[in-house]
Amino acid sequence: MPPTEREQVRALLAWFRRAARPLPWRPRTLDAPRDPYLVLVSEVMLQQTQAARVAERLPAFLARFPDLASLAAATEHDALALWSGLGYYRRARNLHAAAREIASRHRATIPPDPATLATLPGIGDYTAAAVASLAHRVPAPAVDGNVARVVIRLNGLDLAAASPLARAAARERIAGWMAALPRTAHPGLVNEALIELGATVCTPRAPRCHACPLRTSCTAARTATQHDLPRPAAPAARTPLYCDALLALDRRGRLLVEPRPARGLWAALWQAPTREHNARRATARSLRAWLALDLPLTRADRFTHATTHRAAEFTVWNAGTLGAPEARALANARPGSQWLTRTAAARLPLSTPQRRILLESRS
DNA sequence: AAGCCGGGGAA
DNA sequence: TTCCCAGGCTT
C-alpha cells in the first residue's frame with residue numbers, strides 16, 4: 001500500500017518539526033503567528049538567494065527598517081544602500097515601492113489574499129503564496145526552485161525545474177496535501193517544509209534520499225533516477241564587459257562618485273566614474289579623451305567580476321590627488337557626480353566591484 | 001518563451 | 001571552472 005496524501009503530509013511535517021534549521025526569520029515554535037512584515041521582507045530577500053546569505057544580511061536591514069512604516073518612510077536610496085552586495089537590486093526598489101503602496105492603499109496591512117499580493121511590485125506567484133500562507137495561514141501552494149525539484153523527483157518527471165509543467169504539477173501536489181491537513185494545522189508549514197526538504201535533503205546534487213520523509217512515495221528514489229532529475233537547463237551565455245574605473249581624490253581626500261542609470265545592470269547604484277565597453281579595454285589616452293581632460297592616469301588594479309550574464313573585467317585607474325580646478329572640471333564632466341568622504345561613500349548603494357574599487361583600493 | 005538582473009558558496 | 005539558489009519583470 002503506497003502512503004496516502006494524509007500520511008505523506010504527516011510525515012513531511014513531522015520531519016520538518018525535527019529537522020528545521022533555526023533561521024532568523026523563523027519562529028522557535030513553528031506554528032506561532034508570524035509578523036507579516038518580517039515574512040514579506042525575508043521572502044523578497046530570499047528570492048534567488050541562499051538562506052545562509054539572507055541570515056547574514058537580514059538583521060541589519062530590520063535594524064534600520066524595523067516595520068512597514070519605517071521602510072515606507074525611507075528613501076529608495078536608503079533601502080538600496082542596505083541591499084548593497086546582495087544583488088538583484090530591483091528587489092530592494094520594488095520592496096520599498098511595495099511598502100509605500102501597502103501603507104497608502106492597504107491601510108498599512110500586508111494583504112492576506114495571494115492575488116492582491118501579486119499586484120504589488122516585486123511580488124510574483126511564489127512570494128504571494130509564501131507570504132499569504134506563512135503570515136495569514138492561507139492554503140496557497142508556493143513553488144520555488146526547491147519545491148519544483150522535489151516534485152519532479154517525486155513524480156519522476158523528465159522536466160527542467162523552471163518548466164511550467166513542473167510548477168503546475170507541484171502546485172497540484174501541494175494543494176492535495178493542504179486539503180488533507182487537519183482543520184487546525186498550519187498550511188504554510190507545508191510550503192516551508194517542502195522548501196526546507198529541497199534545501200537540505202532533496203538537494204540538486206547528491207540528494208540524501210535515506211533521510212527523506214517522502215522516500216517511500218518517490219518515483220526517482222524507486223527507479224534510482226534522482227541524480228538525473230531535474231533535467232539540466234541550457235546554460236546562459238556570458239558576454240564580456242570591460243569596465244575602466246577612475247579613482248580620483250580632491251585635496252581634502254574625498255572620492256569622486258557618480259550615480260548609475262536607473263535601468264540595466266547595477267541600476268541606480270553609485271560608482272567611481274566608469275567607462276564601459278563591450279569589446280576592448282580603455283587606454284590612458286582614450287580615457288583622457290572620454291573625459292576631455294588631460295589627467296595623469298596610472299593603472300592601479302585589474303580584476304574580474306562575473307554576473308549571471310556578464311564576464312566583467314575591471315581596470316582601476318588612479319588619477320591621484322587633484323587640485324581645485326581639475327577637481328571642478330572632472331566633476332563637471334560627470335553628470336550627478338559628487339565628492340564624498342570615504343565614510344560617506346561607504347554608506348552609498350554600491351555594487352561589489354565598486355565597493356572594492358572605492359573602499360579597498362590604495363588611495 | 002526567452003532574456004535580463006548579482007553575488008557567493010559548493011562541488 | 002560550473003551550477004544554482006525561498007524569482008520577477010520585460011519584451
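In the text below, chain A, chain B and the rest are named by the order of the sequence lines, each starting its count at 1. Because the structure is a prediction, the values reported are computed rather than measured.
Checking C:dA6, B:dG6, C:dC4 against every side-chain atom of A:T49, the shortest atom distance belongs to B:dG6. Checked against B:dG6, C:dA6, C:dG8, the side chain of A:Y89 finds its nearest nucleotide in B:dG6. Residue A:Q50 has its side chain nearest to B:dG8 when only B:dG8, B:dC5, B:dG7 are considered. The nucleotide whose nearest atom lies closest to any side-chain atom of A:T352 is, among B:dG6, B:dC4, B:dG8, B:dG8. Taking only side-chain atoms of A:A51, from C-beta outward, the nucleotide of C:dC5, B:dG6, C:dA6 with the closest atom is C:dA6. Which of C:dA6, B:dA11, B:dG7 sits closest to the side chain of A:R205 comes down to B:dA11. Side-chain atoms of A:T127 lie closest to C:dG7 of the nucleotides C:dG7, B:dA1, C:dA6. Nearest nucleotide to the side chain of A:H305, out of C:dG8, C:dC5, B:dG7: B:dG7. Listed nucleotides B:dG7, C:dA6, C:dT11 differ in distance to A:R263; the shortest reach to its side chain belongs to C:dT11.
A:L80 places its CG atom 13 Å from the C1' atom of B:dG6, with the value rounded to the nearest Å. Rounded to an integer number of Å, the gap from A:Y88 OH to B:dC4 P is 12 Å. Atom CG of A:D125 and atom P of C:dA6 are 18 Å apart (whole Å). The nearest whole Å value for the distance from the CG atom in A:L86 to the P atom in C:dG7 is 14 Å. Between the CG atom of A:L265 and the P atom of B:dG7 there is a distance of 8 Å, given to the nearest Å. Across the protein-nucleic acid pair, A:R26 atom CZ and C:dA6 atom P stand 11 Å apart, rounded to whole Å. At whole-Å resolution of the value, CZ in A:R238 and P in B:dG7 are 12 Å apart. Between the P atom of C:dA6 and the CD1 atom of A:I195 lies a distance of 9 Å, rounded to the nearest Å.
Within the 4.5 Å cutoff, side-chain heavy atoms of A:L40 are placed close to those of A:L95.
Comparing C:dG8 with B:dG8, their P atoms sit 22 Å apart, to the nearest whole Å. Rounded to a whole angstrom, the distance from the P atom of C:dA6 to that of B:dC4 is 24 Å. Only the C1' atoms considered, B:dG7 is 22 Å distant from C:dT10, to the nearest whole Å.
Clustering ILVMFWY residues whenever any of their side-chain heavy atoms sit less than 4.5 angstrom apart, transitively, puts A:L350 in a cluster other than the one holding A:Y88.
Between A:A237 and A:G85, the residue whose closest nucleotide on DNA chain B is further toward the 5' end is A:A237. The 5' end of DNA chain C is approached more closely, in terms of each residue's nearest nucleotide, by A:A233 than by the other of A:Q48 and A:A233. The 5' end of DNA chain B is approached more closely, in terms of each residue's nearest nucleotide, by A:R90 than by the other of A:R90 and A:L350. Judged by closest nucleotide on DNA chain C, A:R149 is the one of A:A118 and A:R149 placed further toward the 5' end.
Within the 4.0 Å cut-off from OP1 or OP2 of B:dC4, at least one side-chain nitrogen or oxygen of A:H309 is found. Remark: A:R57 is not in phosphate contact with B:dG7, judged by side-chain N or O atoms under 4.0 Å from OP1 or OP2.
A salt bridge is absent between A:R171 and A:D125; no separation between the charged side-chain nitrogens and carboxylate oxygens falls under 4.0 Å. A salt bridge links A:E192 to A:R26: at least one charged side-chain nitrogen sits closer than 4.0 Å to a carboxylate oxygen.
Here salt bridge (charged side-chain N to carboxylate O under 4.0 Å, His left out) pairs that include residues 291-310 of chain A, with residues two or more places apart or in two chains, are A:R288-A:D294, A:D301-A:R356, A:R302-A:E313.
Contacts of A:W83 with the nucleic acid, taken as non-hydrogen atoms under 4.0 Å apart, are absent. If you check every strand for non-hydrogen atoms under 4.0 Å, A:S42 touches nothing. Residue contacts shown for A:P232 are absent, as no nucleic acid heavy atom lies under 4.0 Å away.
Taking each heavy atom of A:R238 and A:A306 in turn, the nearest pair found is NH1-CB, 3.9 Å.
With rounding to the nearest 0.5 angstrom, the OG atom of A:S337 is 7.0 Å from the CG atom of A:L330.
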